[in-house]
There are 2 protein chains.
Amino acid sequence: MRLTTKGRYAVTAMLDLAIHANDAPVPLAEISQRQGISLSYLEQLFSRLRRQGLVDSARGPGGGYRLARPASEIAVVHVINAIDENVNVTRCGGQADCQDGDPCLTHDLWCDLSNQIHEFLSSISLQQLVERRTVREVAARQDSRQQTIKYKAAGTERDFAVSS
Amino acid sequence: MRLTTKGRYAVTAMLDLAIHANDAPVPLAEISQRQGISLSYLEQLFSRLRRQGLVDSARGPGGGYRLARPASEIAVVHVINAIDENVNVTRCGGQADCQDGDPCLTHDLWCDLSNQIHEFLSSISLQQLVERRTVREVAARQDSRQQTIKYKAAGTERDFAVSS
DNA sequence: AAAATACTTGACCATTTTAGTTGGATAAAG
DNA sequence: CTTTATCCAACTAAAATGGTCAAGTATTTT
């Protein structure tokens with residue numbers, strides 16, 4: 001099963017994009033700050049997401065990334081697939097040749113599980129996540145924290161508790 | 001998500017045990033042959049399975065392992081848990097402190113997925129697997145192949161196609 | 001045109017995990 | 001007392017993970 005930090009980061013970043021998709025493209029530096037993901041790592045991920053047609057990019061000042069489709073038409077599984085993590089828990093990748101060219105004893109079991117996971121992640125769109133109360137709460141917290149960091153960076157004297 | 005070869009091997013070995021559980025305990029050497037898993041690796045796995053109370057062991061000639069409970073009372077998820085692979089896909093292991101002590105944006109999503117997987121693997125017992133037609137077919141093939149290997153080892157002249 | 005901003009690409013790397021191996025100790029059966 | 005089998009503890013090569021670093025390319029603002 002390939003579902004690691006990489007895939008989770010990609011989904012998190014795409015969700016951040018969906019949340020902040022109002023008008024202007026979102027630069028990766030902002031996502032990096034809000035989500036605590038290193039900028040260069042995000043660049044790697046978005047390179048793939050763009051090649052897979054999930055996001056559009058805009059260069060230059062004021063540039064950044066945008067969702068290529070409405071959030072309601074992007075399922076979580078699309079993001080994970082784009083990032084090259086397939087949701088298959090079989091050893092053979094579904095080839096049924098796990099044991100010397102023949103299926104192993106538990107081949108079907110892992111196939112069934114893979115299908116379960118795939119269906120589940122297909123059934124959830126970014127839009128649905130955006131609408132969740134818990135997601136909105138976390139996003140609000142992240143936005144305010146980011147704001148305080150901006151103030152701090154600007155050299156304001158006011159003391160906003162940043163990470164306590 | 002921790003669901004790798006280790007967990008798959010453990011489930012496969014336990015299923016082999018369930019299939020060949022008639023009277024005598026099953027030695028790991030047989031499972032090793034049938035399932036193509038190295039003996040010493042199996043020993044590691046069964047050490048855990050025994051400590052977790054899923055199997056009973058008998059030493060000495062004629063010894064081996066037995067299921068500690070009826071196959072109908074052992075779910076796949078028990079085996080995977082015993083082997084120390086937890087079916088949790090969150091980064092924080094469900095602690096909800098994925099981002100500096102607070103839940104990350106996608107925390108709930110991964111929790112939901114973890115629950116899905118857990119429920120699925122809880123709903124399937126070794127007994128149910130034993131009764132599957134495909135499993136019985138694979139087991140029959142493995143048994144006959146093992147038989148030919150035994151003949152070969154005994155120095156019989158007859159040529160049984162072993163792995164072609 | 002210059003500077004600033006942002007994306008692109010590829011190489012690199014430390015750490016952890018995986019999937020075992022090696023080597024032996026212990027126990028029971030014959 | 002030898003064989004068969006489990007038990008146990010180190011050790012390890014290779015792969016994957018989760019990034020960083022450096023150098024460059026493209027675009028827009030001023």
Side-chain angles (χ1 to χ4, degrees), chain A residues 1-13 17 24-33 35-52 54-66 68 80 83-86 89 91 93 98-99 104 153, chain B residues 1-13 17 20 24-33 35-66 68 80 83-86 89 91-93 98-99 104 150 153:
Chain A
M1 169 80 166
R2 300 187 56 70
L3 212 177
T4 64
T5 315
K6 196 192 267 182
R8 285 194 298 256
Y9 277 176
V11 175
T12 301
L17 210 52
V26 180
L28 293 190
E30 283 185 18
I31 301 182
S32 169
Q33 273 191 19
Q35 307 303 332
I37 307 171
S38 98
L39 178 59
S40 6
Y41 202 42
L42 277 177
E43 286 174 349
Q44 271 185 50
L45 300 180
F46 273 79
S47 171
R48 291 181 174 214
L49 293 170
R50 191 179 57 84
R51 281 198 296 269
Q52 297 295 321
L54 290 181
V55 295
D56 290 328
S57 63
R59 296 179 150 195
Y65 285 95
R66 256 187 264 255
I80 292 175
I83 235 57
D84 191 30
E85 302 210 309
N86 65 345
V89 296
R91 179 185 208 185
C98 353
Q99 193 183 3
C104 72
Chain B
M1 167 82 165
R2 301 187 57 68
L3 214 177
T4 64
T5 313
K6 194 193 269 182
R8 285 194 298 256
Y9 276 178
V11 175
T12 301
L17 210 53
H20 298 92
V26 180
L28 293 189
E30 284 186 19
I31 301 181
S32 169
Q33 271 192 19
Q35 306 305 331
I37 307 171
S38 96
L39 177 59
S40 10
Y41 202 44
L42 277 177
E43 286 175 349
Q44 274 183 47
L45 300 180
F46 274 79
S47 169
R48 291 181 174 213
L49 294 170
R50 190 178 57 87
R51 282 198 293 269
Q52 297 294 321
L54 289 181
V55 296
D56 291 328
S57 64
R59 293 179 151 195
Y65 286 94
R66 258 187 260 257
I80 292 175
I83 236 57
D84 193 28
E85 301 209 310
N86 64 344
V89 296
R91 177 185 210 184
C92 53
C98 352
Q99 194 184 4
C104 72
K150 273 191 184 167

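Residue numbering restarts at 1 for every chain, and letters A, B, ... go by the order of the sequence lines.
A distance-only check finds a donor-acceptor pair linking the side chain of B:T12 to the backbone of B:R8 [under 3.5 Å]. A donor-acceptor contact shorter than 3.5 Å is absent between the side chain of A:S32 and the backbone of A:S38. In this structure, A:R66 contributes its side chain and A:D56 its backbone to no donor-acceptor pair below 3.5 Å.
Here A:Y65 lies in heavy-atom contact (under 4.0 Å) with sugar-phosphate atoms only.
The CG atom of A:L49 lies 11.5 Å from the OG atom of A:S57; values are rounded to the nearest 0.5 Å. Rounded to the nearest 0.5 Å, atoms CG (B:L45) and CD1 (B:I83) are 4.5 Å apart.
Taking the six-membered ring where the residue is Trp, A:Y65 and A:F46 present tilted rings, their angle falling between 30° and 60°.
For the pair B:K6 NZ and C:dT18 P, the interatomic distance rounds to 6 Å; values are reported in whole Å. Here the P atom of nucleotide C:dT5 and the CG atom of A:L42 are 19 Å apart, to the nearest Å. Across the protein-nucleic acid pair, B:I37 atom CD1 and C:dT18 atom C1' stand 15 Å apart, rounded to whole Å. Atom CD in A:E30 sits about 13 Å away from atom P in C:dT5, given to the nearest Å. Atom CZ in B:F46 sits roughly 15 Å away from atom P in C:dG20 (whole-Å rounding). Atom CG of B:D56 is separated from atom P of D:dC7 by 10 Å (rounded to the nearest Å). Here the C1' atom of nucleotide C:dT8 and the CG atom of A:L49 are 14 Å apart, to the nearest Å. The separation between B:L45 atom CG and C:dT21 atom C1' is 14 Å, rounded to whole Å.
Nearest nucleotide to the B:S57 side chain, out of D:dC7, C:dG20, C:dT9: D:dC7.
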Identify all pairs in which a protein N or O lies below 3.5 Å from an N or O of nucleotides 25-27 of chain C, and state each distance.
{"residue": "C:dT26", "atom": "O2", "partner": "B:R59", "partner atom": "NH1", "Å": "3.4"}
{"residue": "C:dA27", "atom": "O4'", "partner": "B:R59", "partner atom": "NH1", "Å": "2.6"}

Is there any protein nitrogen or oxygen under 3.5 Å from a nitrogen or oxygen in nucleotides 9-13 of chain D, and what are the pairs?
none

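Across all non-hydrogen atoms, the minimal contact from A:L28 to A:L42 is O-CD1, 3.7 Å.
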Working note: A:Q35 + A:Y9, criterion side-chain contact (heavy atoms from CB on, under 4.5 Å); need CA distance, chi angles, decisive distance, verdict. CA-CA 9 Å; A:Q35 307 303 332; A:Y9 277 176; over 6 Å; no
Apply side-chain contact (heavy atoms from CB on, under 4.5 Å) to the pair B:E30 and B:Q33, showing each step before the final yes or no. CA-CA 5 Å; B:E30 284 186 19; B:Q33 271 192 19; 5.8 Å; no
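Within the structure, every side-chain polar atom (N or O) of A:Y9 is placed at least 4.0 Å from both OP1 and OP2 of D:dT17.
Between A:L39 and B:R50, it is B:R50 whose nearest contact on DNA chain D lies nearer the 5' terminus.
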